Amino acid sequence: MSESNGNIKCLIIGSGPAGYTAAVYAARANLKPVLFTGPEPGGQLMITTDVENYPGYPDGIMGPQMMEDFRKQAERFGTEIRMEMITKVDFSGPVHKVWTEAGEEIHADTVVISTGASAKWLGMESEQKLMNKGVSACAVCDGFFFKNLEVAVVGGGDTAAEEASYLAKLCPKVHMIVRRDEMRASKIMQDRVLKTENIIVHWNTETQEILGEEEVEGVRVINNKTNEVSEIPVKGFFVAIGHKPNTDIFKGWIDMDETGYLNAIPGTSKTNVAGVFVSGDAQDKVYRQAVTAAGTGCMAALDAERYLAEKGII
């Protein structure tokens with residue numbers, strides 16, 4: 001707690017790469033940060049097995065182990081980590097108020113939002129069973145493991161088109177499963193997909209089941225026009241039906257786009273509320289990588305430190 005006013009100087013909501021990196025920087029600046037982990041400590045990396053694209057891990061690392069390393073580093077410098085969820089905020093005054101799920105009211109001089117986003121899933125049992133055994137929501141993260149293997153991508157928006165285009169560079173054949181007779185993707189992305197010879201688009205097609213016991217072996221699909229059922233042999237199944245940012249509690253307080261991603265002033269982590277900063281996938285719908293999230297976590301902590309200095313709180 002701040003010696004001057006009893007408020008927490010820097011309160012961090014969320015515990016993925018963005019939140020933990022913000023905590024490392026804030027703690028080293030002697031801001032005595034308090035980090036609330038939220039319902040999924042470690043964020044999306046907790047459902048990722050091998051992480052091979054984060055600098056500094058030449059042999060790769062398991063997602064949960066990497067998040068444990070981040071947490072230990074934040075704690076080493078004095079971050080207080082609370083395994084609780086923030087369920088309500090009030091950013092109307094100079095002191096920012098938040099409430100925990102237990103109803104505790106907490107006051108903070110600065111708040112760093114690092115609540116992340118969650119991948120949308122189809123909601124199948126086989127999808128959960130084969131998670132990280134061929135089922136993934138991130139081609140950039142996991143595509144390399146399927147080099148020279150056939151894969152499927154489900155979705156018809158820009159995300160799906162981007163994932164399919166990326167995988168087409170690694171895989172001999174990419175099956176794109178599109179529910180309607182057209183894509184929602186932008187014209188330029190559609191053109192790219194349709195011009196790529198090894199992407200096969202299955203129109204009017206829905207996933208019935210992901211096949212396999214220990215790993216993905218195929219996908220059973222149904223044509224929703226003809227009701228014809230068929231099986232496609234694939235080793236990877238990429239769900240690309242979008243992400244939902246975990247930002248509902250900030251509605252009405254923080255400017256956001258129509259899908260709920262928080263807006264930051266370009267080139268900064270600052271929001272429309274003075275003293276409230278945003279980092280990670282709660283504001284990034286483009287890159288969505290651990291390394292970019294960590295970078296914005298650093299920005300948020302530095303912006304918070306400068307704000308506190310300008311206010312004379314530190």
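Source: prediction; values computed, not measured.
Using modelled atom types, one finds no donor on one side chain facing an acceptor on the other under 3.5 Å when comparing Ser269 with Ser279. Residues Asp303 and Thr268 have side chains that never bring a donor and an acceptor to within less than 3.5 angstrom of each other. With 3.5 Å as the limit, one finds a donor-acceptor pair spanning the side chains of Gln44 and Asp281. Side-chain contact check for Asp69 and Gln73: no donor-acceptor pair (N or O, by modelled atom type) lies under 3.5 Å. If you check the side chains of Glu228 and Asn223, you find no donor sitting under 3.5 Å from an acceptor. The closest side-chain donor-acceptor pair between Asn246 and Ser118 falls under 3.5 angstrom. A donor atom on one side chain and an acceptor atom on the other are found under 3.5 Å apart for Glu209 and Ser126.
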Does His107 form a side chain to side chain contact (heavy atoms under 4.5 Å, CB included) with His96? I'd like the steps, not just the answer. CA-CA 6 Å; His107 294 183; His96 307 303; over 6 Å; no
After noting the C-alpha distance and the side-chain angles of His202 and His175, does the key distance pass the ring pair (Phe, Tyr, Trp, His ring centres under 6.0 Å) rule? CA-CA 7 Å; His202 301 263; His175 298 271; 5.1 Å; yes
Would Phe146 and Phe238 satisfy ring pair (Phe, Tyr, Trp, His ring centres under 6.0 Å), going step by step from the backbone distance to the final call? CA-CA 11 Å; Phe146 299 92; Phe238 291 86; 5.5 Å; yes
Cys141 vs Gln289, test: side chain to side chain contact (heavy atoms under 4.5 Å, CB included). Steps then yes/no. CA-CA 8 Å; Cys141 315; Gln289 299 299 302; 4.1 Å; yes
Test log, rule side chain to side chain contact (heavy atoms under 4.5 Å, CB included), inputs Ile222 and Asn227: CA-CA 6 Å; Ile222 184 167; Asn227 286 331; 4.2 Å; yes
Yes or no on side chain to side chain contact (heavy atoms under 4.5 Å, CB included) for Phe250 and Leu262, after CA distance, side-chain angles and deciding distance? CA-CA 9 Å; Phe250 306 112; Leu262 302 181; 4.2 Å; yes
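Looking only at distances, no side-chain donor or acceptor of Glu217 sits under 3.5 Å from a matching main-chain atom of Leu211. At least one donor-acceptor pair under 3.5 Å links the side chain of Gln283 to the backbone N or O of Gly280. Asn224 places a side-chain N or O within 3.5 Å of a backbone atom of Arg179 that can act as its donor or acceptor partner. With hydrogens and angles ignored, the 3.5 Å screen pairs no side-chain donor or acceptor of Thr21 with any backbone N or O of Ala18. Here the side chain of Ser114 pairs no donor or acceptor atom with the backbone of Gly14 at under 3.5 angstrom. Within the 3.5 Å criterion, the main-chain N or O of Ile177 finds no donor-acceptor partner in the side chain of Thr205. With Thr100 contributing its side chain and Glu104 its backbone, the two residues share a donor-acceptor pair below 3.5 Å.
For Phe277 against Ala304, the heavy-atom pair with the smallest separation is CE1-CA, 3.5 Å. Considering all non-hydrogen atoms of both residues, Val239 and Glu127 come closest at CG2-OE2, 3.5 Å. Contact record, Ala240 with Thr159: CB-CG2, 4.0 Å, taken as the closest heavy-atom pair. Leu308 and Leu31 get closest at one heavy-atom pair: CD1-CD2, 3.9 Å. Closest heavy-atom contact between Asp90 and Ser92: OD1-OG, 2.6 Å. Scanning both residues, Asp109 and Tyr307, for their nearest heavy atoms gives O-CE2, 3.8 Å.
When side chains are defined from C-beta on, Val291 counts as touching Pro55, because their heavy atoms get closer than 4.5 Å. A 4.5 Å side-chain heavy-atom check between Ile86 and Trp99 finds every atom pair outside the cut-off. Residues Thr207 and Phe237 form a side-chain contact, since some pair of their non-hydrogen atoms from C-beta on lies under 4.5 Å apart. The closest side-chain heavy-atom distance from Leu194 to Val201 is below 4.5 Å. Using a 4.5 Å heavy-atom cutoff, the side chains of Leu302 and Tyr25 are in contact. Counting heavy atoms from C-beta on, the side chains of Thr296 and Asp284 never come closer than 4.5 Å. Within the 4.5 Å cutoff, side-chain heavy atoms of Phe145 are placed close to those of Asp50. Residues Tyr261 and His243 meet the side-chain proximity criterion, which asks for heavy atoms closer than 4.5 Å.
Taken to the nearest 0.5 Å, the CD atom of Glu105 stands 8.0 Å off from the NZ atom of Lys88. Interatomic distance, Asn263 CG to Lys270 NZ, rounded to the nearest 0.5 Å: 15.5 Å. The distance from atom NZ of Lys235 to atom CG of Asn148, rounded to the nearest 0.5 Å, is 14.0 Å. If you take SG on Cys10 and CD1 on Ile313, they are separated by 11.5 Å, rounding to the nearest 0.5 Å. Note that CD1 of Ile12 is 12.0 Å distant from OG1 of Thr37, once rounded to the nearest 0.5 Å. Between atom OG1 of residue Thr271 and atom CG of residue Asp255 there is a gap of 8.0 Å, rounded to the nearest 0.5 Å.
Tracing side-chain contacts under 4.5 Å through hydrophobic residues (I, L, V, M, F, W, Y), one reaches Phe91 starting from Ile106; they form part of the same cluster. Hydrophobic clustering places Val98 together with Val273 (ILVMFWY residues linked when any side-chain heavy atoms are closer than 4.5 Å, directly or through intermediates). Follow the hydrophobic side-chain contacts under 4.5 Å out from Ile249 and you reach Val34 in the same cluster.
In the displayed structure, Lys147 atom NZ is contacted under 6.0 Å by at most 12 heavy atoms of other residues, nucleotides or ligands. Counted within 6.0 Å of CZ on Arg220, heavy atoms from surrounding residues, nucleotides or ligands total more than 12; the atom is thus considered enclosed. With a 6.0 Å radius and a threshold of 12 heavy atoms from other residues, nucleotides or ligands, Arg82 has its CZ atom above the threshold.
Salt-bridge annotation for Arg71 and Glu75: present, with a side-chain N of the basic residue lying under 4.0 Å from a carboxylate O of the acidic one. Between Lys285 and Asp257 a salt bridge is recorded (basic side-chain N to carboxylate O distance below 4.0 Å). Glu213 and Lys129 are joined by a salt bridge, as a carboxylate oxygen and a charged side-chain nitrogen come within less than 4.0 angstrom of each other.
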